[in-house]
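Only one structure is covered here, and it is reproduced in the block below.
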Amino acid sequence: VCRKADLYRSMVTVGTPSFFTLERIRNHGFVRAFYESIIEKVAMVAVNIQSDPGGMRRHPIFDSYVTDQKRMVSYNLGMAFAKFYSQRLLSIPNLIHVEVLKKQNAVSFVAQAGTARSREPDLIGQASDGSWHIFEAKGVSGSPNQLPGKVADAKIQVQQVLAIQSTAPVTRSACATYIGLGARRT
């Protein structure tokens, strides 16, 4: 069971190897680093998710957002749920954005025919045994009927990574979460 406190922790820690560092404080100042690393992420969960003994669901305020805001909230909540389940089910303590490893030239991708580049997955995690795991997170707020299509897309995206630090990933996971007014499904 995912509690709201679990979702807060997952939201704050997903995506960056170290979310609140001395380097960020030096480069951006303490207040900005603290706000962007913690406050902004916690607020996204607090404002958009209702929780009670019956479970978690979307807060009605979400429906007042413009499409871009809805997309951003759904994306971030989808990643937070992927982080929660990666830790809970696969014992993977951290997920980082593929972009972070790309900048370090640590990830290689499947060769693409032509010049078009396929969509890449969102996240990569490393288990305590050193094995690598690929994750694509999908947050859905429109209808639970969107989940099968989102999972199908995610399965294609996780196949795009060939290796991390010259090692093939052990698992490739698609995590799609529907966050509705009445319920949540993952």
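As a basis for the values below, the full set of heavy atoms in this structure was taken, side chains included, without hydrogen atoms, waters or symmetry mates. Position 1 is the first residue of the sequence, and the numbers go up from there. The model shown is predicted, which means the values in this text are computed figures rather than measured ones.
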- Item | Stepwise side-chain contact (heavy atoms from CB on, under 4.5 Å) check, Lys83 with Ile92 | CA-CA 8 Å; Lys83 164 67 165 81; Ile92 298 169; over 6 Å; no
- Can you sort out the partners of Phe62 under ring pair (Phe, Tyr, Trp, His ring centres under 6.0 Å), two or more places apart, ordered by chain and number? Tyr65
- Would you indicate whether the side-chain heavy atoms of His133 and Ile124 approach each other to under 4.5 Å? no
- Message: I'd like to know if Asp153 and Lys150 make a salt bridge, using a cut-off of under 4.0 Å between side-chain N and carboxylate O.
- Response: no
- Identify the heavy atoms of Leu123 and Val14 that sit nearest to each other, and give their distance. CD1-CG2, 3.9 Å
- Hey, are Lys102 and Glu99 close enough for a salt bridge, meaning a charged N less than 4.0 Å from a carboxylate O? yes
- Query: Does Arg58 come within less than 4.0 Å of Asp63, counting only side-chain N to carboxylate O?
  - Reply: yes
- Does the side-chain contact (heavy atoms from CB on, under 4.5 Å) test come out yes or no for Thr67 and Lys70, once each step is laid out? CA-CA 5 Å; Thr67 302; Lys70 289 178 181 179; 5.5 Å; no
- Query: So, does Asn76 use its side chain to make a donor-acceptor pair with the main chain of Met72 at under 3.5 Å?
  - Reply: yes
- Residue pair Gln159, Lys155: steps toward the side chain to side chain donor-acceptor pair (under 3.5 Å) verdict: CA-CA 7 Å; Gln159 295 302 319; Lys155 286 180 178 181; over 6 Å; no
- Message: By the ring-ring contact (aromatic ring centres under 6.0 Å, His included) test, which pairs, at least two apart or in different chains, include something from residues 21-52?
- Response: Phe20-Phe30, Phe20-Phe34, Phe30-Phe34
- Candidate pair Val170 and Trp132, rule side-chain contact (heavy atoms from CB on, under 4.5 Å), full reasoning: CA-CA 6 Å; Val170 173; Trp132 291 101; over 6 Å; no
- Give the C-alpha distance, both sets of side-chain angles, the deciding distance and a yes or no for side-chain contact (heavy atoms from CB on, under 4.5 Å) between Gln157 and Lys138. CA-CA 11 Å; Gln157 285 177 259; Lys138 300 289 187 188; 2.8 Å; yes
- Answer yes or no: is there a donor N or O on one side and an acceptor on the other, between the side chain of Gln160 and the main chain of Glu120, under 3.5 Å? no
- Query: Just wondering, do Pro121 and Val161 contact through their side chains at under 4.5 Å, heavy atoms?
  - Reply: yes
- Of the non-hydrogen atoms in Leu77 and Ile49, which two are nearest, and what is the gap between them? CD1-CD1, 3.8 Å
- Cluster link Tyr8 to Ile61, ILVMFWY, side chain under 4.5 Å: yes
- Message: With heavy-atom distances below 4.5 Å as the criterion, would you say the side chains of Cys175 and Glu136 are in contact?
- Response: no
- Query: When clusters are formed by joining ILVMFWY residues with side-chain heavy atoms under 4.5 Å apart, either directly or through shared neighbours, do Val140 and Ile179 land in the same one?
  - Reply: no
- Item | Partners passing salt bridge (charged side-chain N to carboxylate O under 4.0 Å, His left out) against Arg185 (at least two apart in sequence or in another chain) | none
- Note on the structure: Rounding to 0.5 Å, atoms CG (Asn48) and CZ (Arg57) come to a distance of 14.0 Å
- For Thr171 and Ser173, indicate whether the former's side chain and the latter's backbone hold a donor-acceptor pair under 3.5 Å. no
- Ion pair present between Glu36 and Arg24, side-chain N to carboxylate O less than 4.0 angstrom? yes
- Would a hydrophobic clustering, with Ile, Leu, Val, Met, Phe, Trp and Tyr connected at side-chain separations under 4.5 Å, put Ile164 with Val158? yes
- In this structure, CG of Asp122 is separated from CD1 of Ile134 (nearest 0.5 Å) by 11.0 Å
- Between Val151 and Phe135, is there a shared hydrophobic cluster once you connect ILVMFWY residues whose side-chain heavy atoms come closer than 4.5 Å? no
- Query: Is any side-chain heavy atom of Ile96 closer than 4.5 Å to a side-chain heavy atom of Leu101?
  - Reply: yes
- Query: If you draw a 6.0 Å radius around NZ in Lys4, do more than 12 non-hydrogen atoms from other residues or ligands fall strictly inside?
  - Reply: yes
- Query: When you measure from the side chain of Gln87 to the backbone N and O of Phe84, does any donor-acceptor pair fall under 3.5 Å?
  - Reply: no
- Query: Can you get from Phe109 to Ile156 by hopping between Ile, Leu, Val, Met, Phe, Trp and Tyr side chains that sit under 4.5 Å apart?
  - Reply: no
